[in-house]
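Read the numbers this way: they start at 1 and go in the same order the structure lists the ligands and their atoms. A quick note: this is a predicted structure, and the numbers were derived from the prediction, not measured.
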Amino acid sequence: MKTGIDAISFDVANIHLPIKTLAIARNIEPEKLEKGLGLIKMTLPDVHQDAVVFGANALTKLILDNKINLSDISRIYVGTESGIDSSKPISSFLISLMEQKFGEDSLAECDVVDFTFACIGGVDALQNCIDFVKLNPTKKAIVVTTDFAKYDLNSTGEYTQGAGALAMLVTSNPRIIAFDENWATSTKGVFDFFKPYRTISKEAITQNESNDPWFDNLEAEIEIHKDQPVFDGQYSNQCYMDRTRNAYFSFKKLKNTTETLYNSWNSIIMHLPYSFQGRRMLSEIYALDHADKIVSDNIEPADYQTKIKEVGKSDEYRTFVTEKLQPAELASSLIGNLYTGSIFMGLLSTLAHYYDTKQEVAGTQFGFLAYGSGSKSKVFEGTIQPEWQSALEKTKLFENLKESTEIGFETYESLHKKEQKQSVRTPKNEWILDRIEKEIPNLIGARYYKWID
Ligand SMILES: CC(=O)SCCNC(=O)CCNC(=O)[C@H](O)C(C)(C)COP(=O)(O)OP(=O)(O)OC[C@H]1O[C@@H](n2cnc3c(N)ncnc32)[C@H](O)[C@@H]1OP(=O)(O)O
């Protein structure tokens with residue numbers, strides 16, 4: 001029996017800052033961002049959007065477009081690193097919003113939970129749901145990935161920001177992609193990118209708010225966390241490269257093959273924190289697993305990086321990138337980083353590209369190289385199913401991305417600093433963040449959402 005993804009929906013922030021505008025404002029050469037990293041637009045949440053809103057919108061679309069009967073859904077597992085509460089998971093918010101829209105107790109027997117491991121949490125959720133459906137072939141699960149990839153102003157992560165969610169129905173005999181048995185993992189506990197709690201004294205926080213009785217219950221110090229990560233960009237690239245390489249070669253061992261694995265993959269879907277990350281990182285694996293061994297086992301360490309760089313710039317590698325990686329990059333260039341959703345947006349981008357250009361990919365294999373900082377990589381593969389086109393009929397990814405509203409630099413900064421009061425875009429047929437109760441400087445209160453017709 002086959003198990004995999006039967007349907008996919010998405011919701012991204014449909015306002016964006018052109019990368020050129022950011023480059024000019026920050027005094028960065030636009031060509032570096034456009035041609036070096038493959039960036040065109042950067043999306044970010046409007047005033048009424050957050051990770052719950054994106055997740056709820058993607059999930060609502062999945063349910064409506066595929067006429068899903070909620071009583072058939074046994075699990076909704078969420079991959080996210082944008083949790084808004086240390087106890088109440090985003091999946092708990094999603095349950096209440098879906099019941100608000102589709103009927104009270106419609107998900108009363110559904111198991112829900114969030115998975116957090118930086119950008120790989122969605123893949124962890126998927127793997128769990130696949131295992132569950134394999135054991136219970138008549139049952140169905142949904143995976144939601146939702147995040148706001150927010151970086152500090154003026155940081156090297158700033159131009160890679162993005163926001164949005166995907167929702168995927170996991171079933172037996174799926175219409176889009178069926179995953180094979182083998183999943184290889186490579187893990188190492190490192191600090192390449194993380195979001196630590198910070199300690200702040202009660203005194204510092206209450207200076208301007210001393211009349212609020214809420215503060216009476218505070219300890220002398222409290223811990224808060226900021227949406228933006230602490231990170232070391234070049235080190236995170238090294239960790240990405242090390243983990244994916246190790247997982248790739250473990251995957252070959254699991255498959256018990258000496259064949260050059262990527263040759264059998266029609267498309268390669270990687271975690272894309274920005275559009276060209278995959279092509280910049282894969283050249284090492286490409287060189288090591290090449291049939292003619294471009295890099296031999298006994299090459300001098302000093303020559304190793306130079307050789308990998310050379311391979312990355314060769315015509316042969318460029319052709320390989322155009323054929324196997326570029327379709328996944330298209331949406332990333334127009335959206336930015338989606339953290340847990342990036343790899344799945346790469347899958348959707350690839351399929352939407354083949355759909356729009358009327359190319360049949362049923363029966364071909366796609367290879368997946370996932371990465372999450374902290375750090376972990378998983379490598380797995382799947383086969384595209386005969387009904388993939390009809391299953392994606394309503395998705396219209398690139399048409400939808402064209403509708404995004406452009407904003408200027410001042411609006412971008414005011415949204416980033418949470419100073420903007422009025423939404424840029426008028427919401428329609430979507431969930432919105434209605435209000436946050438007990439919001440005080442640096443602390444976040446209970447959030448309430450509503451559906452806007
Ligand atoms: C969150 C995760 O997934 S972890 C893995 C990735 N890490 C992150 O995303 C963390 C946040 N991001 C960052 O810190 C940064 O954006 C990074 C590390 C990804 C990129 O760092 P930067 O210092 O901005 O860029 P970097 O110098 O590495 O690369 C710039 C590229 O543009 C190229 N470039 C520079 N100028 C130009 C130009 N004028 N024309 C064309 N290309 C140019 C460079 O040659 C280089 O490409 P190459 O190495 O393929 O030759």
Asker: For atom 28 (O) of ligand 1, tell me which residue out of Glu81, Arg243, Gln234 has the closest non-hydrogen atom.
Answerer: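 Checking each option, the heavy atom nearest atom 28 (O) of ligand 1 is found in Gln234.
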Asker: Evaluate the ring planes of His416 and Tyr412, with Trp represented by its six-membered ring, and classify them as parallel (under 30°), tilted (30 to 60°) or perpendicular (over 60°).
Answerer: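 The arrangement is perpendicular - the two ring planes meet at more than 60°.
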Asker: Counting only pairs under 3.5 Å, give me each side-chain donor-acceptor contact of residues 253-261, with atom names and distances, residues two or more places apart or in other chains.
Answerer:
residue, atom, partner, partner atom, Å
Lys255, NZ, Glu381, OE2, 2.6
Thr257, OG1, Glu259, N, 3.0
Thr260, OG1, Asp289, O, 2.8

Asker: Using the six-membered ring wherever Trp is involved, compare the ring planes of Phe251 and Trp265 and label them parallel, tilted or perpendicular (cut-offs 30° and 60°).
Answerer: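 If you compare the ring of Phe251 with that of Trp265, the planes turn out tilted.
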Asker: Closer than 4.0 Å to some heavy atom of Tyr151 - which atoms of ligand 1 meet that?
Answerer: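 Checking each atom against Tyr151, I get 1 (C), 9 (O), 10 (C), 11 (C).
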Asker: Which atoms of ligand 1 are found less than 4.0 Å from any heavy atom of Lys35?
Answerer: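 Here the atoms of ligand 1 in question are 41 (C).
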Asker: Once you restrict to heavy atoms under 4.0 Å, what part of Lys32 touches ligand 1? Side chain, backbone, both or neither.
Answerer: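 For Lys32, backbone and side-chain atoms both sit under 4.0 Å from ligand 1.
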Asker: Minimum heavy-atom separation for Val143 and Val170, please, with both atom names.
Answerer: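 That closest heavy-atom pairing would be CG2-CG2, 4.1 Å.
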Asker: Would you check whether Tyr159 reaches within less than 4.0 Å of ligand 1, judged by its heavy atoms?
Answerer: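 Yes; Tyr159 lies near enough to ligand 1 that a heavy-atom distance drops under 4.0 Å.
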Asker: Determine whether Pro174 and Lys2 make a side-chain contact, defined as any pair of heavy atoms from C-beta on separated by less than 4.5 Å.
Answerer: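 Side-chain contact under 4.5 Å: yes.
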Asker: Are the aromatic rings of Phe132 and Tyr77 close, with centres under 6.0 Å apart?
Answerer: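 Aromatic pair excluded; centres sit 6.0 Å or further apart.
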Asker: Polar-atom distance check: Tyr339 versus ligand 1, any N or O pair below 3.5 Å?
Answerer: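 No.
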Asker: Under 4.0 Å from any heavy atom of Glu31, which atoms of ligand 1 are there?
Answerer: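 Here the atoms of ligand 1 in question are 38 (C), 39 (N), 40 (N), 41 (C).
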Asker: Report yes or no: does a heavy atom of Arg279 sit under 4.0 Å from some atom of ligand 1?
Answerer: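 So Arg279 does not count as touching ligand 1.
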Asker: Short list, please: which atoms of ligand 1 are under 4.0 Å from a heavy atom of Gly233?
Answerer: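 Under 4.0 Å from Gly233, ligand 1 has these atoms: 14 (O), 18 (C).
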Asker: Is the Tyr339-Phe193 ring centre distance short of 6.0 angstrom?
Answerer: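 Yes, they do, as the ring centres are separated by less than 6.0 Å.
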Asker: Indicate whether atom 44 (C) of ligand 1 is within a distance of less than 4.0 angstrom of some protein heavy atom.
Answerer: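 No, because not a single protein heavy atom sits under 4.0 Å from atom 44 (C) of ligand 1.
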Asker: Closer than 4.0 angstrom: is that true for some heavy atom of Phe276 and an atom of ligand 1?
Answerer: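 For ligand 1, residue contact (heavy atoms, under 4.0 Å) with Phe276 is absent.
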Asker: Show me which atoms of ligand 1 lie under 4.0 Å from any heavy atom of Gln277.
Answerer: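 Checking each atom against Gln277, I get 5 (C), 6 (C).
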Asker: Hey, does Lys309 sit under 4.0 Å from ligand 1 if you only count heavy atoms?
Answerer: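 For ligand 1, residue contact (heavy atoms, under 4.0 Å) with Lys309 is present.
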